[in-house]
Structures are given as C-alpha cells and as structure tokens.
Amino acid sequence: MSSYIDLKSTNFNSSGYVVGNVVRAPEYYEEEVRTQRRKPARSRRPAVNRRRMMMLAVISVMMVAACIFYLKIKSDISIQAEKINSLESQISALREENNDRYNRINESINLNEVRNRAVNELGMTYVKDSQVITYKSPQEDYVNQREAIPGVSAR
C-alpha cells in the first residue's frame, strides 16, 4: 500500500533536503500503526485500594472526633466564662454591701462615749510612761509575748 516516490523526479539539494512540497512517506509508518493496535490492553488496578480507603476513613473519623472535641471544649470555656462573670458581679455586690455595713457601724460608734464609759463606769485609766516598755523585735510585724522579756522585771 505504501507509495514510492521516484527519486529521479524528486529535487534534492546538496545538503540532502527535499526541495519542493513532495516528501516521500516512510515505509515503516503502516507497520507502526498496526503494532500499536495489536498491543493488548493492560488491566487497570483500582486507583485507590482498600488499605488506602481504610486509612482515609480512619483519618476522617479522627478529624471529625477532634473537631467535636474542640467544639465541646470551646463551649465549656464559654460556659465557664459566663459563670466567672456572674460570680464576679456577685462579689462586687457583696463588697458594696459589706462596705455600706462597715460605714454604718463606724458612723454609729461615738468614741467619746466609749472613752467616758470605760473611764467612769469600768474604772480604766490611761497608761503611764513608766508602764510603756520599748522592745526591739527581730520581726517587723507584731510581737506575741509568750515568756518574760529579758531585762524587764516582772510586776
């Protein structure tokens, strides 16, 4: 079937190229087409095998579980924040009430009346300079006397 071109009628230049628009067809073209058609089709493997499908399914389940866990933690945090806000408002109200009661108690106390009653009715007297003992404590806060102070006579 292949057609041959007469080499005498074909114009060649000195470099071996064909001059003109007629190029001879290669002889092996038809054989190449036949061999391509005769090749048996390979059986294709499935693109995703069972192992990969199982791995993808497990990973998907884990991702969904992680998302659910994240949403639960986020909702728990928001619930705790609401509880904290309500407790802070309760503390604020209680502090205000406590300060009001403290101020009312301080206003109701008359220190002159307390001093007069202590001196006149209960027989208390002011401290004398001889009764005051200056003591240097190693601690700055306060002194609890549990034994006799050294250098001071007992009375």
Side-chain angles (χ1 to χ4, degrees), residues 13 15-19 21 23-155:
N13 63 11
S15 65
Y17 286 106
V18 176
V19 178
N21 61 358
V23 178
R24 72 179 173 170
E27 296 175 16
Y28 59 86
Y29 181 74
E30 287 183 27
E31 293 174 18
E32 202 174 291
V33 171
R34 284 185 205 156
T35 57
Q36 287 178 355
R37 290 182 187 162
R38 289 183 188 167
K39 287 184 182 177
R42 286 187 354 192
S43 63
R44 291 188 173 196
R45 288 180 50 195
V48 179
N49 59 17
R50 288 184 181 177
R51 219 180 247 176
R52 286 186 182 171
M53 285 298 288
M54 289 301 293
M55 189 167 51
L56 286 173
V58 168
I59 289 172
S60 298
V61 168
M62 288 173 58
M63 289 300 294
V64 168
C67 290
I68 291 171
F69 183 69
Y70 172 75
L71 291 175
K72 183 179 180 331
I73 288 176
K74 191 168 182 166
S75 69
D76 290 346
I77 288 172
S78 64
I79 290 171
Q80 290 297 327
E82 290 174 7
K83 286 181 181 179
I84 288 171
N85 287 338
S86 69
L87 290 174
E88 284 178 349
S89 65
Q90 287 178 0
I91 287 174
S92 175
L94 289 173
R95 280 188 180 152
E96 187 176 327
E97 182 181 344
N98 190 30
N99 289 339
D100 288 343
R101 287 184 180 181
Y102 179 77
N103 290 335
R104 272 189 271 133
I105 289 171
N106 281 339
E107 289 173 359
S108 69
I109 297 174
N110 186 353
L111 293 179
N112 288 330
E113 215 174 283
V114 172
R115 185 181 56 80
N116 284 337
R117 184 167 180 223
V119 170
N120 296 333
E121 292 178 18
L122 300 175
M124 296 181 122
T125 58
Y126 286 102
V127 68
K128 297 176 185 171
D129 288 335
S130 63
Q131 293 175 328
V132 176
I133 300 172
T134 305
Y135 178 74
K136 186 170 185 173
S137 172
Q139 295 176 343
E140 299 284 327
D141 294 344
Y142 59 93
V143 176
N144 281 335
Q145 184 175 351
R146 295 190 180 139
E147 57 186 51
I149 299 174
V152 177
S153 62
R155 296 180 192 178

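Sequence positions, counted from 1, serve as the residue numbers for this chain.
- Within the model, atoms CG of N106 and CZ of R104 stand 11.5 Å from one another, a figure rounded to the nearest 0.5 Å.
- Remark: Y70 pairs with no residue by the side chain to side chain donor-acceptor pair (under 3.5 Å) rule, at least two apart or across chains.
- Under the side-chain contact (heavy atoms from CB on, under 4.5 Å) criterion, I84 pairs with E88, sequence neighbours left out.
- Residue pairs satisfying the salt bridge (Lys or Arg N to Asp or Glu O under 4.0 Å) criterion with at least one member in residues 58-83, sequence neighbours excluded, are listed as follows: K72-D76.
- Scanning for side-chain contact (heavy atoms from CB on, under 4.5 Å) contacts around R95 gives I91, with sequence neighbours left out.
- A search for salt bridge (charged side-chain N to carboxylate O under 4.0 Å, His left out) contacts involving E96 returns nothing, not counting sequence neighbours.
- By the side-chain contact (heavy atoms from CB on, under 4.5 Å) test, E97 pairs with L94, R101, sequence neighbours left out.
- In this structure, the separation between CD1 on I73 and OG on S78 is 12.0 Å, given to the nearest 0.5 Å.
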For residues 116-123, run the donor-acceptor check on the side chains, cut-off 3.5 Å, and write out each pair with its distance to 0.1 Å, sequence neighbours left out.
{"residue": "N116", "atom": "ND2", "partner": "N112", "partner atom": "O", "Å": "3.4"}
{"residue": "R117", "atom": "NE", "partner": "E121", "partner atom": "OE1", "Å": "3.0"}
{"residue": "N120", "atom": "ND2", "partner": "N116", "partner atom": "O", "Å": "3.3"}

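- Between the CZ atom of R51 and the CE atom of M54 there is a distance of 11.5 Å, given to the nearest 0.5 Å.
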Exercise. Yes or no on side-chain contact (heavy atoms from CB on, under 4.5 Å) for Q131 and Y126, after CA distance, side-chain angles and deciding distance?
Worked result: CA-CA 10 Å; Q131 293 175 328; Y126 286 102; over 6 Å; no
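- Evaluation of the side-chain contact (heavy atoms from CB on, under 4.5 Å) rule for I59 yields M55, M63 as partners, not counting sequence neighbours.
- For E107, there are no side chain to side chain donor-acceptor pair (under 3.5 Å) partners at least two apart in sequence or on another chain.
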